[in-house]
Amino acid sequence: MTVDTKRCVGCNSCVIACKQENRLPPGATRDWIVTETQGIFPALSQEIRSERCNHCSKSPCVSACPTGASYVSTGGIVLVNHDKCTGCKACIAACPYEARYVHPKGHVDKCTFCIHRVQKGGLPACVETCPTKALRFGDLNDSESEVARLLSSREWKTLNPGTGARPNVYFLI
Ligand code: SF4
Ligand code: SF4
């Protein structure tokens with residue numbers, strides 16, 4: 001996924017779309033908005049980011065899970081099998097991005113990149129909803145994909161690259 005920080009206006013449409021699509025319980029979020037002010041007055045700028053699970057290539061949450069409930073699914077999407085999850089929170093402690101929370105039903109929950117929609121040829125709800133088209137979703141290994149083209153034509157960064165988790169959400173800057 002790519003998130004264009006130049007297009008994001010922080011409207012929270014992606015957050016609301018996710019809550020509705022995934023029927024999240026009150027207070028729970030799988031994606032959220034971060035607003036960061038950079039620079040020194042008067043040369044200030046603001047970066048607005050729509051953040052979520054990074055579906056990391058070396059996901060510490062999956063390594064930490066003692067039951068195998070956290071796993072890597074099709075296309076590198078990191079998921080939680082709610083039936084296998086005991087709610088021990090080891091994955092929450094291991095995730096450097098605070099992307100997971102405990103669902104009131106007792107299992108841990110997080111962004112799924114809307115795999116139920118993607119498998120039917122659709123887009124994640126947040127991507128489809130974004131009114132400024134700040135969010136793009138696709139196969140990073142396909143050089144013809146829009147996300148791959150954006151990454152080769154724009155400057156980008158990932159969050160906390162030093163963790164070694166190899167996140168797969170790219171912020172265009
Ligand atoms: S819907 Fe788009 S513009 Fe609105 S907060 Fe989310 S990413 Fe930003
Ligand atoms: S962002 Fe956190 S929950 Fe998502 S794959 Fe990476 S370590 Fe796991």
Side-chain angles (χ1 to χ4, degrees), residues 1-5 8 10 12 14-15 17-19 21-25 27-36 47-119 123-127 129-130 134-142 145 147-148 150-151 156-173:
M1 180 180 278
T2 56
V3 179
D4 192 336
T5 64
C8 180
N12 274 285
C14 48
V15 177
C18 176
K19 279 176 183 282
E21 173 70 23
N22 298 296
R23 296 190 183 88
L24 300 188
T29 45
R30 288 184 180 180
D31 58 352
W32 58 92
I33 303 297
V34 173
T35 304
E36 214 170 74
E47 183 174 283
I48 308 174
R49 297 191 300 268
S50 171
E51 297 188 5
R52 58 196 43 64
C53 169
N54 289 281
H55 297 274
C56 308
S57 293
K58 287 204 147 204
S59 41
C61 56
V62 172
S63 309
C65 179
T67 68
S70 286
Y71 67 104
V72 182
S73 181
T74 324
I77 296 179
V78 175
L79 296 177
V80 181
N81 180 336
H82 295 168
D83 294 334
K84 280 192 184 176
C85 178
T86 59
C88 74
K89 303 185 194 162
C91 57
I92 293 181
C95 171
Y97 300 102
E98 296 179 30
R100 293 172 168 242
Y101 70 95
V102 181
H103 192 279
K105 287 186 178 161
H107 60 262
V108 164
D109 189 54
K110 62 179 271 301
C111 162
T112 62
F113 268 169
C114 282
I115 192 168
H116 59 291
R117 293 168 63 107
V118 172
Q119 279 174 336
L123 288 169
C126 57
V127 176
T129 301
C130 178
L135 307 175
R136 296 291 191 212
F137 182 80
D139 184 356
L140 290 166
N141 293 321
D142 173 5
S145 68
V147 280
L150 280 167
L151 291 186
W156 53 264
K157 67 177 180 184
T158 54
L159 298 178
N160 302 337
T163 63
R166 292 182 38 210
N168 286 305
V169 175
Y170 294 82
F171 294 86
L172 305 172
I173 52 177

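Ligands are counted one by one from 1 in listed order, and the atoms in each one are counted from 1 as well.
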- Note on the structure: Here the atoms of ligand 2 under 4.0 Å from any heavy atom belonging to Cys95 are 1 (S), 2 (Fe), 3 (S), 7 (S)
- Message: In this structure, does ligand 2 have an atom that sits under 4.0 Å from one of the heavy atoms of Pro60?
- Response: yes
- Confirm or rule out an N/O/S atom of Cys91, from backbone or side chain, lying less than 2.8 Å from atom 8 (Fe) of ligand 2. no
- Query: So which heavy atom in the protein is nearest atom 1 (S) of ligand 2, and how far is it from that ligand atom?
  - Reply: Asn54 N, 3.3 Å
- Query: What are the atoms of ligand 2, with element, lying closer than 4.0 Å to any heavy atom of Lys110?
  - Reply: 3 (S), 4 (Fe)
- Starting from atom 5 (S) of ligand 2, locate the nearest protein heavy atom and write down its residue, its atom name and how far away it is, to 0.1 Å. Cys56 N, 3.3 Å
- Query: Got more than 12 heavy atoms from elsewhere within 6.0 Å of NZ, Lys89?
  - Reply: no
- Item | Value rounded to 0.5 Å, distance of OG in Ser73 from CG in Leu79 | 4.5 Å
- Per the side chain to side chain contact (heavy atoms under 4.5 Å, CB included) rule, which among Ser57, Cys56, Ser59 passes with Val72? Ser59
- Task: Specify side chain, backbone, both or neither for Pro96, according to which of its non-hydrogen atoms lie closer than 4.0 Å to ligand 2.
- Result: side chain
- Item | For atom 3 (S) of ligand 2, closest protein heavy-atom neighbour | Arg100 NE, 3.1 Å
- Message: Among all the protein's non-hydrogen atoms, which is closest to atom 8 (Fe) of ligand 2, and how far away is it?
- Response: Cys61 SG, 2.3 Å
- Item | Minimum side-chain heavy-atom gap Trp156-Thr2 below 4.5 Å | no
- Query: Which residue, Cys18, Pro124, Cys126, Cys53, forms the side chain to side chain contact (heavy atoms under 4.5 Å, CB included) with Cys111?
  - Reply: Cys53
- Can you name the nearest heavy-atom pair linking Val108 to Val80, along with the distance? O-CG1, 3.4 Å
- Item | Distance from atom 4 (Fe) of ligand 2 to nearest protein heavy atom, with residue and atom | Cys53 SG, 2.3 Å
- Message: Under 4.0 Å between a side-chain nitrogen and a carboxylate oxygen: does that hold for Glu21 and Arg30?
- Response: no
